[in-house]
Amino acid sequence: MIELKGKAGEAVQLEAGQSGFDLLKKTGAKGMIALKLNGKLQDLAAAITEPGEFELIGLKTPEGEEILRHSTSHIMADAVQKLFPSAKVTIGPAIENGFYYDFDYPPGFKEEDLAAIEAKMKEIVKSDVRFARSEMKREDAVKLFEQKGEKYKVELINDLPEGSVIFIYQSGDFVDLCRGPHIPSTRYVKAYKLVSVAGAYWRGNEKNPQLQRIYGTAFADQEALDAYLQRLEEAKKRDHRRLGPQLGLFTLDDAVGSGLVLWKPKGTIIRNELQKFISEHLRRQGYSQVCTPHIGRLGLYKTSGHYPYYRESQFPPIIEKDFFADKVAEGCTCAQLANLMENGEIDGYLLKPMNCPMHIKIFASDHHSYRDLPVRLAEFGTVYRWEKSGELGGMTRVRGFTQDDAHLFVTEDQLPAEIEGCLELVKIVLTTLGISEYRVRVGLREPDSNKYAGTPEQWDKAEKACLDAAKTLGVAFTAEPGDAVFYGPKIDFVVKDVIGREWQLGTVQVDYQLPQRFDLSYTGADNKPHRPVMIHRAPFGSMERFVGVLIEHFAGAFPLWLSPVQVAVLSISEKFEAYAVEVTDALKIAGIRAESDLSAEKIGAKIRSATLAKAPYMLVVGQREQAERAVSVRTRTGGDQGSMPLEAFIKRCGEEIASRSLTIGSSA
RNA sequence: GCCGAUGUAGCUCAGUCGGUAGAGCAGCUGAUUCGUAAUCAGCAGGUCGUGAGUUCGAAUCUCACCGUCGGCUCCA
C-alpha cells in the first residue's frame, strides 16, 4: 500500500505497482497528462513507487504545456522522418512558447515543406499511438541508434554521465532517446503550428555541421493557440523598428551602412533627456565627465588586450598612407599585407571598440594620491564594433553606438561600496522609467579556460565582490559561469524585447587587469605606490539599444519628460491662430516642448493626428479659451480634461516634467 | 558568416497566364473656418532593391550581388 497526499490535502491509497492512470481514476480528475510526485514529473503510465505528495498536471498549466510541446516535437520528428527518410534526428526540446527539433538534412527544408509536415503530423495525432517509455542499458541504446544510423543520438548517449539511467520513448514507429515525460498518447495534441525553419549549428558551435531547425508551437486548444498568434501580431506593432521610424525617432539607410543609426531630431530629444537625467546623478555621485576621440593608435588596444581578444569584432585598422606606400614600394603582396594586418604587425589607428583605454590614459596623466580616489570618469562615448551581418537589427544590435560609459579607479577597500554605488545608479534608471521586468546576471569566469587575463586569486576577489554586491540589490540574480569579460566578472541587467529576445542593458564590471596592463598606480598613505582597481559601468548600456528597448517598453507613448513633443496646441479654426501661437510661445518660453497645429483641418482630425503621434497633452483653443486666456486640456489616454487657465497649465506641466512622472496628469 | 523568408510610391499593401504599374494614408494646391480620434475636390509622386541573362516583350522566369526579417544550445 502506498500513501499519497494531494496538494489540497486529500489522501489517496494505491496498490503497489499501480500507475498515474489508477490515481487518475481514484481522484476522478479529467484531462490530466502527467503526474508530479514529490516535485518530480513522470508519465501517467509509469508505476508509482514511493509515497508522498502528488499533483496531477493538466494541459493548461505551464508544466503541462511544456510536456505537450515536447511531445509535439517528437510527433514532428516522426513526421519529418516519414517524409524525409534521410533526415537524422538530434535534439528537440520544448522552449518558451513552443518547441523546435533539429535535423541533419543537408538538402535543407523550405518553408513550403512545413504544410506537408503538418499534414503528416495530423495523421500521427489521429492514429492515437501511446508514448511508451522503456529503460535501456547504455550499450543497448548505443547499438539501437547505431543501427538506425542516428549518430547524433549515439553522441548524446556517450556524453551522458556515468551511471545515468537511459530512457527510450516510442510512439508508433518513432523511437527517441528522451528523458520525458510525455503526454500519454498522440491524440492529446489538439492545436499546433509549425512556425519557421532555420539553420542551427550542432551544439551551437559554428565549427560543427549546420542542422536544419524547425520551430513550432502547441497549445492545449485552438483558442489558446489563436490567442498566442494574436498576441504575436500585437507585439509586432510595438516593435521599435516599426514605431521608431513611424514616430520620426530614427532612421536606417543602406547608403550609410548596416547597423549605423541616424538619430532624427525627435529621437535625439529623447536621447538628450536621458543623458541629462543620468548626468544629474553623475554629479551627485561624484563623477567627472570627459571627452575622448573616436580613433586611437593600435598600440593602445594591444596594450589593453582589446586588439587580440576582440579582433574579430572590430573594424579593421586604419592604416597610415605612408605605411602602405612604403610596403608597396618594398614589393609587398596583398597576401603579405593581409598577414601583417592579421598579426597586428602594423601601426595604424583603430576605430575605438571601447572607451576604457582612453579613460585610463586620462587617469594616468596625473599623479594620484589615495586621497584622490575614487576617480570616476564618465563619457557618452561612441564605439564601433564589427557585429556579424546576420546579427544586426534595428537599434538593439548595431555597429556604432554610444555607451553611457564610466570608469572608476578605486582602492581595494573602496571596491565593494563603489560597486554598490554603480548598482544603485542602474536601479535609479530602471525605477524612474518603470522597467520592472528584468533579470540580473552575474557573469563569472568559465573554469578551465585560458581565455581570461589575470591570476586566479584576482578573479576570486573580483567575483566575490560582484556576488556580494549583487546580494545587496534585493533582486533575484543568477550566477552564470562563462559570461565574464576577458578582464573580469560583471553584473548585467537583462530585459526582453517585444518578441521575447533578451538584451543586456546596464552593466557593472570589475577589472584587475587593465590597471596592471597600463601599470597604473596611486600613492598610498604609506607613501608607497599601489595598484588601483577599475570598475567599468554603463547604466543604460548603449543609448541605441536602451532607446530601442524603451520605445517598445512604452509602445512609443513616452512619459511627458521624454516626449519629443510634450504639448500639441490645436486651434479650432483660423480665427484663433494668433492665440494658438501665443499659447505655444508661452509654453516654449517656460521650457516646454510645444507645437501648434494650425492646419485647416477640423478639431477632430487634429486630435486624431496628435494622438497618433503620441503627444501626451493636447490643448484645444478656440473662442472660449481666447476670451479667458485659458486652454482646454486633453491627455493622450484620458480624453477631455476640461478647461483651465493657461498659466495654471504651464505650472502644472512644468512640475510634471521636473518630477519625471510616468503618468500624464499625475501632479494635478 | 551560415540556414530560411523577403524587397512594388514617404508608409501599408494590390498587381491573374510574361503584354509595358494601381489603391488607401501621408504630401502639395484649392475650397471649407468647423468644439474633442479622419471635411471635400483636384494634383503630384515609381530605375518594381541593384546588375546581368532568357524572351519580340520581364515587377512577373534564371543567376549573382545588396538590404531587411526570423533563427544559429532555452540542450536526451
Can you label the angle between the A:Y152 ring and the A:W202 ring as parallel, tilted or perpendicular, going by 30° and 60°?
perpendicular
Parallel under 30°, tilted from 30 to 60°, perpendicular over 60°: which one fits the rings of A:F84 and A:F109?
perpendicular
SB check [X] [Y] (cutoff 4.0 Å):
X      : Y      : result
A:R441 : A:E502 : no
A:R69  : A:E65  : yes
A:E234 : A:R231 : no
A:D78  : A:K120 : no
A:R385 : A:E544 : no

Summary of protein contacts for nucleotides 71-76 of chain B, nucleotide by nucleotide, where a base hit scores B, a sugar-phosphate-only hit scores S (4.0 Å, heavy atoms):
BBBBSB
Treating A:R213 as the side-chain partner and A:A198 as the backbone partner, does any N or O pair qualify as donor plus acceptor under 3.5 Å?
no
Closest approach of [X] and [Y], non-hydrogen atoms and distance?
X      : Y      : result
A:L247 : A:A613 : CD2-O, 4.1 Å
A:A479 : A:L444 : CB-CD1, 3.9 Å
A:L177 : A:K153 : O-NZ, 3.7 Å

Of the options A:Y105, A:F174, A:F103, which is the one that meets A:V80 in a side-chain contact (heavy atoms from CB on, under 4.5 Å)?
A:F103
Round to a whole Å and report the spacing from [atom1] of [X] to [atom2] of [N].
X      : N     : atom1 : atom2 : result
A:I607 : B:G35 : CD1   : C1'   : 8 Å
A:D102 : B:C3  : CG    : C1'   : 11 Å
A:E312 : B:G1  : CD    : C1'   : 11 Å
A:L612 : B:U36 : CG    : P     : 18 Å
A:K614 : B:A37 : NZ    : C1'   : 13 Å
A:I572 : B:G35 : CD1   : C1'   : 4 Å
A:L392 : B:G70 : CG    : P     : 11 Å
A:R624 : B:C34 : CZ    : C1'   : 13 Å

Can you tell me which residue pairs pass the salt bridge (Lys or Arg N to Asp or Glu O under 4.0 Å) test with a partner in residues 392-401 of chain A, sequence neighbours excluded?
A:E387-A:R397, A:E391-A:R397
For nucleotides [N] and [M], find the distance between their [atom1] atoms and express it as a whole number of Å.
N     : M     : atom1 : answer
B:C63 : B:U54 : P     : 15 Å
B:U39 : B:A44 : P     : 24 Å
B:G70 : B:C13 : P     : 15 Å
B:C11 : B:G46 : C1'   : 14 Å
B:A9  : B:G15 : P     : 15 Å
B:U20 : B:G30 : P     : 37 Å
B:C74 : B:U68 : C1'   : 26 Å
B:A21 : B:U60 : P     : 13 Å

What would the secondary structure line of RNA chain B be in dot-bracket form, counting Watson-Crick and G-U wobble pairs under 3.5 Å, with [ ] for pairs that cross earlier ones and | for pairs with another strand?
(((((((..((((.....[..)))).(((((.......))))).....(((((..]....))))))))))))....
Apply the test side chain to side chain contact (heavy atoms under 4.5 Å, CB included) to residues A:Q623 and A:K575: give CA-CA distance (whole Å), side-chain angles for both, the deciding distance (0.1 Å), then the verdict.
CA-CA 8 Å; A:Q623 178 65 56; A:K575 290 178 201 157; over 6 Å; no
Taking atom CD1 of A:I592 and atom CG of A:L587, what is their separation to the nearest 0.5 Å?
5.0 Å
When rounded to the nearest 0.5 angstrom, what distance separates OG1 in A:T635 from CG in A:L560?
11.0 Å
With the side chain of A:D254 defined as its heavy atoms from C-beta on, choose the nearest nucleotide among B:U33, B:G35, B:G67.
B:G67
What pairs of nitrogen or oxygen atoms, one from the protein and one from nucleotides 38-46 of chain B, lie under 3.5 Å apart?
residue : atom : partner : partner atom : Å
B:A38   : N9   : A:R608  : NE           : 3.4
B:A38   : N7   : A:R608  : NE           : 3.2
B:A38   : N7   : A:R608  : NH1          : 3.1
B:A38   : N6   : A:R608  : NH2          : 2.5
B:A38   : N1   : A:R608  : NH2          : 2.9
B:U39   : OP1  : A:E601  : OE1          : 2.7

The correct set of residues in residues 105-114 of chain A placing a heavy atom under 4.0 Å from RNA chain B is A:F109, A:K110, A:E111
Does any residue of residues 236-253 of chain A have a heavy atom under 4.0 Å from RNA chain B, and if so, which ones, in number order?
A:R241
Using the rule given for ring-ring contact (aromatic ring centres under 6.0 Å, His included), can you reason through A:F99 versus A:Y101, listing the C-alpha separation, both sets of side-chain angles and the distance that settles it, and then say yes or no?
CA-CA 7 Å; A:F99 62 85; A:Y101 210 112; 8.9 Å; no
Do A:E135 and A:F167 come within less than 4.5 Å of each other through their side chains, counting heavy atoms only?
yes
Which part of the nucleic acid, if any, lies within contact of A:G393, taking any heavy atom under 4.0 Å across all strands shown: a base, the sugar-phosphate backbone alone, or nothing?
sugar-phosphate
What's A:E66 touching, base or sugar-phosphate or nothing? Going by heavy atoms closer than 4.0 Å.
nothing
Please tell me if A:S258 has a side-chain N or O lying less than 4.0 Å from either OP1 or OP2 of B:G67.
yes
